[in-house]
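All residue numbers in this chain count up from 1 along the given sequence. When a ligand or atom number is given, it counts from 1 through the structure's own listing order.
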Amino acid sequence: MARTEQKSQQLTLWGALPSEQSWSVRQSARARRLSVRVFRHGGVEIVVPPRTSPQRVSAFVSEHREWIERQRRRAAPSAHWPLPPNSLTLSAVGEQWRCVHAQGSGRVRVRELMQHELLLLGELADAEQVRGALSRWLRRRAGEGFEPSLRHLAAQMGVKPGRLQVRCQRTRWGSCSRRGTISLNVCLLFQRPEVARYLMIHELAHLRHMNHSGRFWAEVARQEPDWKALDRELLQGWRRVPAWILP
Ligand SMILES: [Zn+2]
């Protein structure tokens with residue numbers, strides 16, 4: 001067990017650090033080099049040796065930024081919802097689905113019944129099959145649900161995206177390819193509508209600026225002045241996602 005470090009102190013955030021409050025820099029007399037810790041709640045701590053310059057910290061952070069964000073998203077615990085689920089709340093599209101289980105034999109299928117009821121049929125004890133069938137259904141649902149909003153926002157912003165792709169991945173909420181294909185993560189379905197909308201605006205803004213420059217954020221802010229708070233919410237968004245969806 002490591003001793004509690006006596007000679008450590010909390011430093012104020014340097015300007016170069018991301019604006020999230022959960023980031024902190026700690027100077028440690030025992031530290032030989034810069035290191036980073038990502039906590040389960042998503043907080044990030046950069047530990048630095050004495051007399052480290054802010055420039056050095058800022059370079060370290062930008063070098064490791066992607067890794068940190070990845071760890072951070074992993075650190076956020078997803079709710080342990082049962083599989084097969086009893087219900088699915090797709091907040092982003094304002095839908096609540098009640099799941100009806102019909103245990104049988106054979107391949108697992110998902111059928112939409114009337115009034116937002118979802119029938120799960122087949123070998124429901126086979127978690128991998130249930131996961132696959134639900135994940136396919138959710139991706140289709142996300143495509144149908146997000147496509148009109150995406151086109152509407154694109155028209156407002158005066159950009160012309162290519163096709164919409166719905167993916168299921170742990171590491172990214174969305175992306176925009178050089179060809180203009182917009183990818184959205186199926187897990188956005190579980191976020192608040194405002195958050196999903198922000199992510200679409202974000203990816204569409206990349207059609208103008210393929211970077212995260214000041215001009216890019218200005219474009220985002222024109223459509224969504226509250227983007228900072230929504231972006232922060234997205235970092236914690238994995239908590240709203242049932243763990244079984246992710247591969
Ligand atoms: Zn981006």
Side-chain angles (χ1 to χ4, degrees), residues 13 15-23 36 38 42-44 58-76 91-93 139 142-143 145-241 245-247:
L13 284 181
L17 278 182
S19 55
E20 289 99 313
Q21 291 181 337
S22 48
W23 287 68
V36 57
V38 181
V44 177
S58 129
F60 180 82
V61 168
S62 45
E63 198 184 322
H64 296 279
R65 175 86 201 227
E66 268 202 22
W67 180 88
I68 293 169
E69 293 300 2
R70 212 159 50 228
Q71 296 303 310
R72 215 177 168 199
R73 284 189 285 259
R74 276 200 191 134
S91 311
V93 290
R139 281 163 69 165
F146 291 147
E147 181 92 47
S149 325
L150 188 76
R151 300 295 154 196
H152 180 74
L153 286 167
Q156 267 181 12
M157 294 168 69
V159 292
K160 289 204 167 66
R163 69 189 183 90
L164 166 65
Q165 202 174 43
V166 178
R167 306 171 84 173
C168 183
Q169 44 189 177
R170 265 174 203 276
T171 49
R172 310 179 81 164
W173 287 107
S175 62
C176 171
S177 80
R178 298 221 167 257
R179 285 181 168 179
T181 302
I182 304 284
S183 295
L184 299 176
N185 195 317
V186 67
C187 299
L188 277 174
L189 279 175
F190 299 93
Q191 311 303 316
R192 295 193 307 122
E194 295 82 353
V195 174
R197 179 178 173 275
Y198 154 69
L199 205 273
M200 289 188 227
I201 290 169
H202 181 120
E203 300 310 337
L204 289 169
H206 277 313
L207 292 170
R208 288 251 163 78
H209 308 282
M210 266 297 179
N211 50 43
H212 293 109
S213 61
R215 282 164 62 199
F216 166 81
W217 289 116
E219 176 75 34
V220 172
R222 257 195 294 284
Q223 304 298 323
E224 179 50 83
D226 205 22
W227 66 269
K228 270 189 190 166
L230 295 167
D231 194 68
R232 208 155 38 228
E233 191 171 329
L234 211 42
L235 275 173
Q236 306 297 324
W238 298 99
R239 294 181 182 180
R240 302 173 65 107
V241 175
I245 287 185
L246 297 166

Provide the protein N, O or S atoms situated under 2.8 Å from the Zn ion (ligand 1); waters are not included.
His202 NE2, His206 NE2, His212 NE2

Suppose we screen for side-chain hydrogen bond (donor to acceptor under 3.5 Å, both in side chains). Which residues come up paired with Arg139, at least two apart in sequence or across chains?
none

Regarding Ser183 and Gln165, do their side chains bring together a donor and an acceptor under 3.5 Å, going by distance alone?
yes

Which pairs, with at least one residue in residues 149-163 and sequence neighbours excluded, count as a salt bridge (Lys or Arg N to Asp or Glu O under 4.0 Å)?
Glu147-Arg151

Just checking His212: does its NE2 atom have more than 12 heavy atoms from other residues, nucleotides or ligands closer to it than 6.0 angstrom?
yes

In short, salt bridge (Lys or Arg N to Asp or Glu O under 4.0 Å) pairs touching residues 184-197 with sequence neighbours left out are Arg192-Glu194, Arg192-Glu233, Arg197-Glu224

Okay, side chain of Asn185, backbone of Gln169: is any donor-acceptor separation there less than 3.5 Å?
yes

